Amino acid sequence: MSRTSAKSPGVYVDLDDLIALEYSGRKVSFLPRQSVHSLLSGRFASRLRGRGLNFEEIRDYRAGDDVRAIDWKVTARLRKPHIRVFNEERDRQTIIVVDQRLSMFFGSRRAMKSVTAAEAAAIGAWRVLGVGDRIGAIVFGDRELVEVKARRSRATVLQILAAIASQNQALGVGRGLVSAPAMLNTALDHARRRAPHDAAVIIISDFDGADTTTREAVTALARHNDVIAVLVHDPLQSDLPPSASMTVTDGELQIRLDVGRDSVRRSVSQATQDRLQGIFAWTHEIGIPVLPLSAAEDTAAQLRRLLGGLPARHGRTAVHGQTEAALG
């Protein structure tokens with residue numbers, strides 16, 4: 001573990017921290033399996049696409065075959081039941097978009113939002129690799145964006161985690177960083193080029209600076225891909241204490257806010273709530289799941305709770321179910 005990470009747990013992560021999350025990735029399934037009474041009820045209007053199916057052949061119907069696979073035209077022509085056989089497409093890519101901007105360098109309890117996003121990305125990357133799919137990433141900060149081409153290898157995951165750790169450790173006040181909200185849209189543009197169709201895209205961000213262009217980019221991505229938005233937040237930003245002061249910075253300039261004043265506290269809280277509600281509205285407006293991820297709680301535990309654990313092992317059927325892609 002790096003000296004910075006060791007001195008400031010929850011403030012920074014390093015490569016060793018993210019590699020250590022490999023086991024946590026095995027316990028998370030990005031397939032929605034919640035009951036109708038769960039937290040995500042109503043957010044997932046339908047199951048994610050999953051891998052595609054490639055047509056293989058038409059053959060005679062056999063006892064035990066699914067009657068829904070019967071090809072009625074061929075059956076009528078040959079006067080004997082025939083079914084269409086498909087093979088599951090095995091090659092699918094997942095792109096993880098990870099936000100490491102200054103707006104993410106905030107935390108009031110367990111960790112910074114930037115650390116929570118890094119942990120969520122690592123867990124997702126390990127999970128995708130574990131089910132045999134290609135994994136790529138777009139890691140962006142305020143002045144730099146790193147793309148990792150999707151491949152099916154441990155080396156690719158390590159490359160992604162190294163990029164995340166590098167940008168995470170570059171965060172901090174007085175380091176020459178200037179807040180760049182527009183980098184979110186730049187990253188989404190890159191994601192659209194990397195995932196033209198049939199991919200899974202996980203966007204992990206606080207969505208600071210999100211605007212109509214952001215919404216249009218996410219809509220375009222979701223038109224031909226499966227998209228999950230992971231909205232990282234800190235409870236202090238939307239629930240300020242009645243008597244306190246806080247310093248806000250863009251990396252260079254600083255301003256001290258007296259949030260003990262009702263007018264200031266209401267203004268800051270309302271701005272945060274408006275932003276969060278605007279992103280959550282994408283669930284109904286665009287049709288993508290928006291998952292709330294708190295920086296004040298353990299990341300892996302939240303993902304297991306939000307997304308559900310892996311199905312229990314009961315013979316071949318369950319084992320086959322566990323080989324599905326992390327996002328479908």
Side-chain angles (χ1 to χ4, degrees), residues 26-38 40-95 124 127-136 150-152 191-202 218-229 282-291 306-328:
R26 299 174 187 170
K27 291 189 170 185
V28 172
S29 172
F30 282 85
L31 283 172
R33 299 181 183 276
Q34 288 74 19
S35 69
V36 294
H37 300 294
S38 73
L40 295 181
S41 175
R43 292 186 177 174
F44 286 104
S46 63
R47 293 182 67 85
L48 297 174
R49 285 185 182 87
R51 293 187 177 93
L53 295 177
N54 294 322
F55 173 72
E56 181 180 0
E57 64 175 342
I58 293 179
R59 62 165 172 79
D60 293 345
Y61 176 85
R62 302 168 188 167
D65 285 337
D66 190 340
V67 295
R68 293 174 295 181
I70 292 177
D71 187 311
W72 295 105
K73 291 184 178 179
V74 175
T75 297
R77 187 170 63 251
L78 299 180
R79 299 181 180 278
K80 184 178 180 181
H82 282 72
I83 66 169
R84 298 176 69 86
V85 179
F86 294 85
N87 278 331
E88 186 180 25
E89 182 183 349
R90 292 293 178 183
D91 187 22
R92 193 188 192 200
Q93 71 165 339
T94 295
I95 303 295
R127 176 60 184 151
V128 171
L129 180 65
V131 298
D133 278 347
R134 289 179 293 144
I135 178 66
R151 298 182 181 87
R152 189 186 300 104
R192 290 174 64 183
R193 290 195 289 270
R194 285 289 182 186
H197 60 83
D198 298 327
V201 182
I202 311 172
V218 174
T219 300
L221 269 171
R223 192 169 294 125
H224 302 292
N225 302 280
D226 287 323
V227 178
I228 288 181
W282 290 354
T283 298
H284 304 293
E285 297 172 356
I286 303 176
I288 67 168
V290 179
L291 309 183
L306 288 168
L307 296 167
L310 296 178
R313 300 190 179 192
H314 296 294
R316 289 187 176 181
T317 301
V319 171
H320 179 268
Q322 291 181 34
T323 63
E324 293 179 281
L327 291 172

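Because the structure is a prediction, the values reported are computed rather than measured.
Residues Lys73 and Asp71 are not paired through a salt bridge, judged by the lack of any N-O separation under 4.0 Å between the basic side chain and the carboxylate. Taking the charged nitrogens against the carboxylate oxygens, Arg92 and Asp133 have no contact shorter than 4.0 Å, which rules out a salt bridge. Classification of Asp65 and Arg59 as a salt-bridged pair holds, one side-chain N sitting under 4.0 Å from a carboxylate O.
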Checklist entry - Given the rule in the side chain to side chain contact (heavy atoms under 4.5 Å, CB included) test, do Ile286 and Val218 qualify, once you have shown the distances and angles that lead to the verdict? => result CA-CA 8 Å; Ile286 303 176; Val218 174; 4.2 Å; yes

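Thr94 contributes atom OG1, which lies 6.0 Å from atom CD1 of Ile202 (distance to the nearest 0.5 angstrom). Interatomic distance, CD of Gln93 versus CZ of Arg194, reported as 8.5 Å (0.5 Å rounding). Atom CD1 of Ile83 and atom CH2 of Trp72 lie 11.5 Å apart (nearest 0.5 Å). Between atom OG1 of residue Thr219 and atom CD of residue Glu285 there is a gap of 8.5 Å, rounded to the nearest 0.5 Å. Atoms NE2 and CG, on His197 and Leu221 in that order, are 13.0 Å from each other to the nearest 0.5 Å. Between the CD1 atom of Ile135 and the CD1 atom of Ile95 there is a distance of 7.0 Å, given to the nearest 0.5 Å.
When all heavy atoms are compared, the tightest approach of Arg134 to Arg152 is CG-N, 3.8 Å.
Here the side chains of Leu291 and Ile228 are in contact, with some heavy-atom distance below 4.5 Å. Taking 4.5 Å as the limit, every side-chain heavy atom of Ile288 sits out of range of all side-chain heavy atoms of Thr283. In this structure the side chain of Val67 reaches within 4.5 angstrom of the side chain of Tyr61, judged on heavy atoms.
Formation of a donor-acceptor pair under 3.5 Å by the Arg84 side chain with backbone atoms of Ile58 is not found in this model. The closest donor-acceptor contact from the side chain of Asn225 to the backbone of Ala200 lies at 3.5 Å or more, if one exists at all.
Between His82 and Asp60, the side chains place a donor N or O and an acceptor N or O closer than 3.5 Å (distance only, hydrogens not considered).
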